[in-house]
Protein chains: 2
Amino acid sequence: MRISTRGRYGLRAIIDLANNEYRGAIPLREISQRQNISEQYLEQLFASLRKSGLVKSIRGAHGGYLLNDSPEKITVKDILTALEGPIAPADCVLSEDILEKCNNGGNCVTRKVWIMIKENLEELLDSVTLAELKAESQNWGDYDQLISYSSDMNNKGVK
Amino acid sequence: MRISTRGRYGLRAIIDLANNEYRGAIPLREISQRQNISEQYLEQLFASLRKSGLVKSIRGAHGGYLLNDSPEKITVKDILTALEGPIAPADCVLSEDILEKCNNGGNCVTRKVWIMIKENLEELLDSVTLAELKAESQNWGDYDQLISYSSDMNNKGVK
DNA sequence: GCAAAGTTGATAAAAATACTCGGGATTAAG
DNA sequence: CTTAATCCCGAGTATTTTTATCAACTTTGC
């Protein structure tokens with residue numbers, strides 16, 4: 001039950017963006033430096049965020065990324081789903097197609113457990129918005145400083 | 001946010017055990033056949049369950065496994081934790097030792113999210129007992145038949 | 001035109017996962 | 001006491017997933 005670095009870095013990165021976009025489009029280079037995540041990896045993460053419609057990009061010189069919606073409308077579930085794919089403890093709760101391949105046809109005790117986990121987690125993550133995380137991070141004073149260095153253990157850092 | 005096959009197979013296996021132990025110690029061979037999980041893999045899973053005190057073993061001919069406690073006292077959290085390790089979306093919620101290595105010293109918005117997930121999940125999983133799963137599976141009639149073939153996608157089956 | 005930025009696809013390295021294998025120890029039954 | 005059934009344990013391996021990195025390309029402001 002771990003969240004991969006995609007989700008962990010990505011959430012940090014989009015909070016960083018939310019905290020800075022008042023200045024206009026934010027290039028990944030900036031986020032990379034503040035969050036100590038390689039620019040190239042961030043590119044991958046923001047590609048996912050963009051395809052999910054959470055951020056929009058402005059190309060060319062002085063370009064960068066902006067939130068595509070107000071932070072109040074973006075939830076942690078949106079963000080983690082964009083980065084890690086659907087919340088599904090097991091494949092059989094992912095889609096009906098896959099469920100059909102299962103000989104139990106859904107009459108399976110364990111499946112009920114996976115569905116319970118999925119629904120519980122979705123509700124929880126949907127209840128927290130990016131706006132709340134942004135506000136909270138700003139309460140601590142200089143947000144950029146606080147999370148300047150990796151908060152995650154397996155961050156290799158920018159080279 | 002996936003549960004590995006250890007957790008998925010293991011939960012099925014211990015439900016199977018709960019459903020059959022009224023007959024005495026159940027050898028893994030039996031569970032292996034009913035659940036279509038290789039005996040050798042089951043050995044690994046039951047080693048974990050035994051070390052966590054959830055099951056006890058009887059060695060020698062006519063040996064096998066028994067629950068070490070009444071099913072009412074065993075929760076899904078106990079089972080999944082035994083099989084997959086502690087529920088921790090990120091390392092920084094795992095132990096104080098690891099947290100100390102984090103430059104933020106815990107003042108980190110994302111960490112709050114991971115703690116929230118952890119606590120929510122633990123409470124949820126602790127609220128479901130093996131007794132409940134057992135009862136539910138028996139309501140469907142012949143439990144053994146119903147879950148005879150893998151309910152999981154990446155089960156290679158017994159050779 | 002040039003430099004700053006996003007876009008894309010390939011690929012490589014590392015880690016975790018999902019098993020398999022072989023031998024050893026224990027014990028009930030005949 | 002022998003045999004077969006069973007658990008026990010440590011290695012080893014194959015596969016998949018994760019975590020990146022790289023290079024080439026496109027877009028655009030100045």
Side-chain angles (χ1 to χ4, degrees), chain A residues 1-10 12-13 17 24-33 35-51 55-66 68 80 83-85 88-91 150 152-159, chain B residues 1-10 12-13 17 24-33 35-51 55-66 68 80 83-85 88-91 150 152-159:
Chain A
M1 296 302 283
R2 279 183 87 241
I3 291 186
S4 72
T5 55
R6 279 182 70 86
R8 301 204 311 281
Y9 291 9
R12 274 205 287 145
L17 175 59
I26 304 296
L28 294 186
R29 176 165 315 227
E30 256 192 45
I31 299 180
S32 163
Q33 286 167 355
Q35 299 300 327
N36 201 36
I37 301 170
S38 92
E39 206 177 319
Q40 289 164 326
Y41 198 39
L42 279 179
E43 281 176 2
Q44 278 195 16
L45 305 184
F46 275 81
S48 298
L49 294 173
R50 189 175 55 86
K51 281 170 190 161
V55 301
K56 62 188 164 198
S57 61
I58 295 175
R59 302 180 69 160
H62 294 267
Y65 286 92
L66 290 167
N68 201 17
L80 291 183
L83 292 162
E84 306 225 321
D91 288 338
S150 165
D152 295 296
M153 293 297 98
N154 54 345
N155 187 325
K156 304 279 175 48
V158 175
K159 280 185 186 154
Chain B
M1 295 303 279
R2 279 183 87 240
I3 291 187
S4 71
T5 56
R6 279 182 71 86
R8 300 204 313 279
Y9 292 9
R12 275 204 286 147
L17 176 59
I26 304 295
L28 293 186
R29 176 165 317 231
E30 257 191 45
I31 299 180
S32 163
Q33 287 166 354
Q35 301 298 327
N36 200 36
I37 301 170
S38 96
E39 207 177 319
Q40 289 165 327
Y41 198 39
L42 279 178
E43 278 177 2
Q44 278 197 15
L45 305 185
F46 276 80
S48 298
L49 294 173
R50 188 174 55 86
K51 280 169 190 162
V55 301
K56 61 188 163 197
S57 61
I58 295 176
R59 303 180 67 161
H62 294 263
Y65 285 92
L66 291 166
N68 202 17
L80 291 183
L83 293 162
E84 307 225 320
D91 288 339
S150 166
D152 293 296
M153 292 297 99
N154 56 343
N155 186 326
K156 303 278 175 46
V158 175
K159 280 184 186 153

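Computation of the quantities below employed the complete heavy-atom set of this structure, encompassing side-chain atoms and omitting hydrogens, waters and symmetry-equivalent molecules. A quick note: this is a predicted structure, and the numbers were derived from the prediction, not measured. In what follows, chains are A, B, ... by sequence order, proteins preceding strands, each numbered from 1.
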- prompt: Taking atom C1' of dT19(D) as reference, at what distance in whole Å does atom CD1 of I3(A) sit?
  reply: 16 Å
- prompt: Any side-chain heavy atom of Q35(A) within less than 4.5 Å of one from L42(A)?
  reply: no
- request: Looking only at side-chain atoms of R50(B), point me to the closest of dC9(D), dA5(C), dC7(D).
  value: dC9(D)
message: I need the CG-P distance between L17(A) and dG6(C), as an integer number of Å.
response: 11 Å
message: Can you tell me how the ring of Y9(A) sits relative to the ring of Y41(A), calling it parallel under 30°, perpendicular over 60° and tilted otherwise?
response: perpendicular
message: Going by the rule salt bridge (charged side-chain N to carboxylate O under 4.0 Å, His left out), which residues pair with R29(A) if we only count those two or more places apart in sequence or in a different chain?
response: E39(A)
- line: To the nearest angstrom, the CG-P distance between D91(B) and dA15(C) comes to 13 Å
message: Mind checking if Y65(B) touches a base, just sugar-phosphate, or nothing, with heavy atoms under 4.0 Å?
response: sugar-phosphate
Among dT19(D), dA18(C), dC7(D), the nucleotide that comes nearest once only the side chain of R6(A) is considered: dT19(D)
field: Gap between atoms CZ and P, on F46(A) and dA20(D) respectively (whole Å)
entry: 16 Å
- request: Please list, chain by chain and in numerical order, all residues satisfying salt bridge (charged side-chain N to carboxylate O under 4.0 Å, His left out) with E30(A), sequence neighbours excluded.
  value: R23(A), R34(A)
- prompt: Roughly how far apart are I31(A) CD1 and I37(A) CD1, rounded to 0.5 Å?
  reply: 8.5 Å
- prompt: If only side-chain N and O atoms of Y41(A) are considered, is one of them under 4.0 Å from the OP1 or OP2 phosphate oxygen of dT18(D)?
  reply: no
- prompt: How would you label the contact of I26(B) with the nucleic acid (heavy atoms, under 4.0 Å): base, sugar-phosphate, or nothing?
  reply: sugar-phosphate
message: Taking L83(A)'s backbone N and O only, do any of them form a donor-acceptor pair with R6(A)'s side chain (distance below 3.5 Å, no angle check)?
response: yes
- prompt: Taking atom C1' of dC19(C) as reference, at what distance in whole Å does atom CZ of R8(B) sit?
  reply: 14 Å
Whole-Å distance separating the CZ atom of R2(A) from the P atom of dA16(C): 7 Å
query: Between atom CZ in R29(B) and atom P in dA4(D), what is the gap in whole Å?
result: 13 Å
- prompt: Taking only side-chain nitrogens and oxygens of S4(A), does any of them come within less than 4.0 Å of OP1 or OP2 of dT18(D)?
  reply: no
message: Distance check, rounded to the nearest 0.5 Å: M1(A) atom CE versus I3(B) atom CD1?
response: 4.5 Å
statement: Which of dC8(D), dT20(C), dT7(C) is nearest the side chain of S57(B)? It is dC8(D)
- request: May I ask you to evaluate whether S38(B) reaches the phosphate of dC19(C), defined as a side-chain N or O under 4.0 Å from OP1 or OP2?
  value: no
- prompt: Atom CD of E30(A) and atom P of dA4(C): how far apart are they, to the nearest Å?
  reply: 14 Å
statement: A correct 5'-to-3' footprint of nucleotides 21-30 of chain C, with B, S and - meaning base, sugar-phosphate only and no protein heavy atom under 4.0 Å, is B--BBBBBS-
